[in-house]
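To keep things clear, I will list the structure first and then write my remarks on it.
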Amino acid sequence: MPKALTPRPPTGRDGRSTQRVAVVIPAKDESERIAATVRSARAIPHVDLVLVVDDGSDDDTQHVAREAGAVVVRHSHNRGKAAAMETGAAVVAMRDADGRAPRLLLFIDGDLGDTAVNTAPLVGPVREGLADVAIALLPAQKGAGGRGIVVGASRRAIHNLTGWSPTQPLSGMRCLTREAFEAATPLARGWGVETGMTIDLLRAGYTAVEVPCDLRHRPSSNDLKGQIHRASQYRDVLFAVNARRVRRAVSAVGRVTNRTE
């Protein structure tokens with residue numbers, strides 16, 4: 001059985017974990033789906049905080065999310081998913097009570113709608129100490145375009161740098177410990193955030209698992225907009241990977257230099 005690197009917090013008198021979970025939802029222009037996503041996320045066991053980070057939306061995302069029961073913070077302009085995740089984690093940390101274990105962080109997409117509750121299986125492996133990060137495996141999404149080029153590039157890079165070959169390396173639905181999240185910061189920018197996070201955590205000795213989750217979201221199609229989106233993904237994944245390759249090379253040179261001095 002895998003084992004998490006993050007120490008487990010003390011259990012209650014009955015021997016069960018008392019650790020709570022915060023759902024963090026980075027969102028931009030999701031007013032049509034965010035209410036259903038928030039309501040569904042609030043039904044996940046052990047969740048006592050649902051936080052929406054409105055990343056500079058032009059619509060009513062923040063108001064709809066708040067009315068659905070979420071705590072909402074807003075970026076005045078679009079800063080990207082990584083920045084929204086970091087803002088969300090920081091706000092959760094401010095709400096963690098002194099003397100209690102930090103909440104686990106469950107990051108989900110704002111367009112999951114009623115299926116958001118189905119990210120619940122991600123919590124168990126992390127809460128029980130089997131993994132530091134649990135990543136959702138999604139079923140095939142109806143209407144999805146693309147030929148797997150970006151996914152393949154991310155998977156190969158992660159394997160080359162860590163030895164692990166994830167099935168869905170770009171999955172944004174992830175539950176992780178506070179310690180693991182902080183070990184992965186600063187996050188890779190843009191669409192490279194998941195690839196960069198996975199590489200950084202595995203190379204630092206943290207344990208990752210993939211967990212099937214029956215989720216439905218709005219997939220990118222094969223039209224021009226979808227192709228532009230995938231091109232941006234490819235660019236950002238390569239940037240994140242190359243930055244980590246350079247970092248590894250510099251670290252290796254440093255170790256050689258220290259041995260020869």
Side-chain angles (χ1 to χ4, degrees), residues 4-9 19-28 49-56 71 73-96 100-110 119 122-123 125-127 131-136 154 157-158 161-162 164 166 169-210 233 235-251 254:
L5 179 65
T6 310
R8 294 296 89 196
Q19 192 164 30
R20 300 167 299 165
V21 181
V23 175
V24 179
I25 310 175
K28 184 179 187 301
L49 174 62
V50 176
L51 174 70
V52 171
V53 181
D54 183 345
D55 191 29
V71 174
V73 294
R74 174 175 165 79
H75 291 163
S76 59
H77 61 280
N78 181 245
R79 295 170 53 190
K81 184 176 183 179
M85 292 172 68
E86 290 172 350
T87 294
V91 173
V92 172
M94 289 188 291
R95 287 175 168 261
D96 283 340
R100 294 193 64 172
R103 291 178 175 89
L104 300 181
L105 299 170
L106 175 56
F107 293 97
I108 69 173
D109 292 345
T119 59
L122 298 176
V123 174
V126 182
R127 200 166 181 266
D132 301 288
V133 56
I135 304 168
S154 176
I158 292 171
L161 290 171
T162 71
W164 186 53
L170 302 181
S171 175
M173 274 56 72
R174 300 178 173 221
C175 182
L176 66 165
T177 64
R178 164 68 59 176
E179 180 180 303
F181 180 81
E182 292 179 352
T185 55
L187 302 176
R189 299 293 107 178
W191 301 109
V193 59
E194 290 86 8
T195 302
M197 173 186 286
T198 301
I199 293 171
D200 291 343
L201 290 180
L202 292 177
R203 293 190 64 198
Y206 291 92
T207 300
V209 296
E210 291 184 300
Q233 278 187 309
R235 175 201 63 204
D236 291 348
V237 165
L238 289 184
F239 187 86
V241 169
N242 288 334
R244 281 149 183 80
R245 283 174 175 157
V246 170
R247 189 185 305 165
R248 184 176 67 169
V250 171
S251 178

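Starting from 1, each residue takes its place in the sequence as its number.
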(request) Looking only at non-hydrogen atoms, find the nearest pair between D200 and A184 and report the distance. (result) OD2-O, 3.9 Å
(message) Between S171 and A136 (side chain of the first, backbone of the second, donor and acceptor by atom type, cut-off under 3.5 Å), is there such a pair?
(response) yes
(message) With heavy-atom distances below 4.5 Å as the criterion, would you say the side chains of H75 and K28 are in contact?
(response) no
(message) Quick one about R244 and T162 (side-chain donor to acceptor, distance below 3.5 Å, no hydrogens or angles considered), yes or no?
(response) no
(message) With a 3.5 Å distance limit and no angle check, can you tell me whether R178 reaches the backbone of A89 through a side-chain donor-acceptor pair?
(response) yes
(request) Mind checking the CZ-OG1 spacing from R174 to T119? Nearest 0.5 Å is all I need. (result) 14.0 Å
(request) Hey, could you give me the CD/OH distance between E179 and Y206, rounded to the nearest 0.5 Å? (result) 3.5 Å
(request) Report yes if some heavy atom in the side chain of T87 is under 4.5 Å from a heavy atom in the side chain of D55; otherwise report no. (result) no
(request) Answer whether the closest heavy-atom distance between the side chains of T198 and P169 falls below 4.5 Å. (result) no
(request) Please name the pair of heavy atoms, one in L161 and one in R248, separated by the smallest distance, quoted to 0.1 Å. (result) CD2-CZ, 3.4 Å
(message) Let me confirm one number: the CG-OG1 distance from L104 to T177, rounded to the nearest 0.5 Å.
(response) 7.0 Å
(message) With rounding to the nearest 0.5 angstrom, report the CG to CE distance, L122 to M173.
(response) 8.5 Å
